[in-house]
Asks: 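Before anything else, here's the structure in question.
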Protein chains: 2
Amino acid sequence: MERKLLLLGLLQMQEMHGYQLNEMIDAHLSTSIDFKKPTIYKLLGQMRDVGWLEQREEEAGNRPPRRVYSITPAGRDAFKALLRESLAAYKPTDFIDHISLAFLDHLSPAETVPLLENRKAQIQALLHRVQSYDPHQGSMQLMVEHQIRHLEMEITWLEEVIERVVTKGIGMPGGTHHDRNE
Amino acid sequence: MERKLLLLGLLQMQEMHGYQLNEMIDAHLSTSIDFKKPTIYKLLGQMRDVGWLEQREEEAGNRPPRRVYSITPAGRDAFKALLRESLAAYKPTDFIDHISLAFLDHLSPAETVPLLENRKAQIQALLHRVQSYDPHQGSMQLMVEHQIRHLEMEITWLEEVIERVVTKGIGMPGGTHHDRNE
DNA sequence: ATGATTATAGTCACATATGACTATTTACTC
DNA sequence: GAGTAAATAGTCATATGTGACTATAATCAT
């Protein structure tokens, strides 16, 4: 549903064809959201089929004929409805990708710290990338700011975790229990 | 992969059957991760098939026979490998569920604010729930702390957004452009 | 002329996770 | 004693998203 909302939102600013939408999303949103071409085309087709979008072939002698999508009145209504729904409902973030932090005490601190430093470097790299096209103001500015906040928090948090590992205050009360084979 | 890591990690503490694993995850992790019974059973089967787990039928006259899974040496190796890999690699959080914030200016502030307050209330409710079983210390403690940090940040952020909406400093430079029909 | 690249359109098999459902045995309630 | 709940095991259709691939016409480099 959020993906449809995004497409409708973009098409509300101006009509576009799929390739253009894909480019835009890829260029400006690929750091924060996953949304790939096949999905875009599929959703455009679906929304056209239910009357939220209108499709017009554009034969401008250029390249393969473009299918330009524009939003219909029904589409505008749907957009508003989706927007209200999505704004009001918070969907909890999934932390499954952070589960490894729960098992820190299965590795020696000597081994753990470089791994965590590596992870931290990746977050920092992403942060810099996001900050670099911060100047792209417009409707996506809040998204960018939010992501920056998030990444900064993640870095701070990781630094604290690293610090705790170094000072050995991690894991089960009673001390670490990583295997004896290293 | 992170789900397998979790199962291996839990089975490393003690052998268990699927129902038990499901209960544990449901009781202690359902606020932070999505991991449901069918997936648990499927992964247990897969890991048994590749020799990471050993399955033993337990006929203790109680209820339907339990399949108790215990981790094998190969499983321990796999666990370590997955753990290293997962610790070192940061997978960016997907912000698709926050895309609605990019379209705030399609609604009037009068309508937006209550929706956002509702969203905020949901985050707060979740935060309280998580904080309430914070005392559950143990290997999942870092996860809980992390999630608390995250939720606190989300609340702060949302409050700022609401404030900006109220003072009308949102959206395209040049002012809001929500439709005239309300 | 030819081969590579770009702009545009997709498609399709695959992987993943879940909701809803089915089974079985014992214990507990009325 | 009959019916419901609890403890255990799954299965399976369905939904979703993506990677890798196909297709076509025009332009550009050599």
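Residue numbers begin at 1 in each chain, while the letters A, B, ... track the order of the sequences. Being a predicted model, the structure only gives us computed values, none of them experimental.
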Asks: Give the rounded distance in Å between these two atoms: OH of Tyr69(A) and C1' of dT8(C).
Replies: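 Rounded to whole Å, this separation is 11 Å.
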Asks: Rounded to whole Å, how long is the line connecting atom CD1 of Ile40(A) with atom P of dT11(C)?
Replies: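 Roughly 15 Å, once rounded to whole Å.
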Asks: Please enumerate all residues that pass salt bridge (Lys or Arg N to Asp or Glu O under 4.0 Å) together with Glu152(A), with sequence neighbours excluded.
Replies: none
Asks: Give a yes-or-no answer on whether the side chains of His128(A) and Gln131(A) include a donor-acceptor pair shorter than 3.5 Å.
Replies: no
Asks: Applying salt bridge (Lys or Arg N to Asp or Glu O under 4.0 Å), name anything that partners Lys120(B), two or more places apart in sequence or on another chain.
Replies: Glu159(B)
Asks: Under the criterion side chain to side chain contact (heavy atoms under 4.5 Å, CB included), I'd like the reasoning laid out for Tyr41(A) against Tyr19(A): C-alpha separation, chi angles, the key distance, then a yes or no.
Replies: CA-CA 9 Å; Tyr41(A) 279 117; Tyr19(A) 190 85; 4.2 Å; yes
Asks: Which nucleotide sits closest to the side chain of Arg66(A): dA7(C), dG10(C), dA9(D)?
Replies: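 Of all the options, the side chain of Arg66(A) is nearest to dA7(C).
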Asks: With sequence neighbours left out, write down each residue that passes side chain to side chain contact (heavy atoms under 4.5 Å, CB included) with Arg3(A), or none if nothing qualifies.
Replies: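 Partners of Arg3(A) by the side chain to side chain contact (heavy atoms under 4.5 Å, CB included) criterion, ordered by chain and then number, come out as Phe35(A), Thr39(A), Leu43(A), Asp94(B), Ile96(B).
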Asks: Hey, is the side chain of Tyr41(B) poking within less than 4.0 Å of OP1 or OP2 on dT11(D), counting only N and O atoms?
Replies: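 It does not, given that no N or O in the side chain of Tyr41(B) lies less than 4.0 Å from OP1 or OP2 of dT11(D).
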Asks: Rounded to whole Å, please give me the gap between CD in Glu23(A) and P in dT8(C).
Replies: 7 Å
Asks: Does dA9(D) have OP1 or OP2 under 4.0 Å away from a side-chain N or O of Arg67(B)?
Replies: no
Asks: To the nearest Å, how far apart are Leu21(B) CG and dA9(D) P?
Replies: 9 Å
Asks: Within the sub-3.5 Å range, which N or O atoms of nucleotides 16-18 of chain C have a protein N or O partner, and how far apart are they?
Replies:
from    : atom 1 : to       : atom 2 : distance (Å)
dA17(C) : OP1    : Arg3(B)  : NE     : 2.8
dT18(C) : OP2    : Lys36(B) : N      : 3.2
dT18(C) : OP2    : Thr39(B) : OG1    : 2.8

Asks: Under the side-chain hydrogen bond (donor to acceptor under 3.5 Å, both in side chains) rule, collect the residues that match up with Gln46(B), sequence neighbours excluded.
Replies: none
Asks: Nearest whole Å is fine: how far is dA15(D) C1' from Glu2(A) CD?
Replies: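 After rounding, the reported distance stands at 15 Å.
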Asks: To the nearest Å, give me how far apart CG (Asn22(B)) and C1' (dA6(D)) are.
Replies: 14 Å
Asks: Rounded to whole Å, how long is the line connecting atom OH of Tyr19(A) with atom P of dT24(D)?
Replies: 18 Å
Asks: Once you apply a heavy-atom cut-off of 4.0 Å, does Gly18(A) come out as touching a base, just sugar-phosphate, or nothing?
Replies: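 The residue Gly18(A) makes sugar-phosphate contact but no base contact.
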Asks: Rounding to an integer number of Å, can you tell me how far His17(A) NE2 sits from dG10(C) P?
Replies: 11 Å
Asks: Partners of Glu54(B) by salt bridge (Lys or Arg N to Asp or Glu O under 4.0 Å), sequence neighbours excluded?
Replies: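 Not a single residue meets the salt bridge (Lys or Arg N to Asp or Glu O under 4.0 Å) criterion with Glu54(B).
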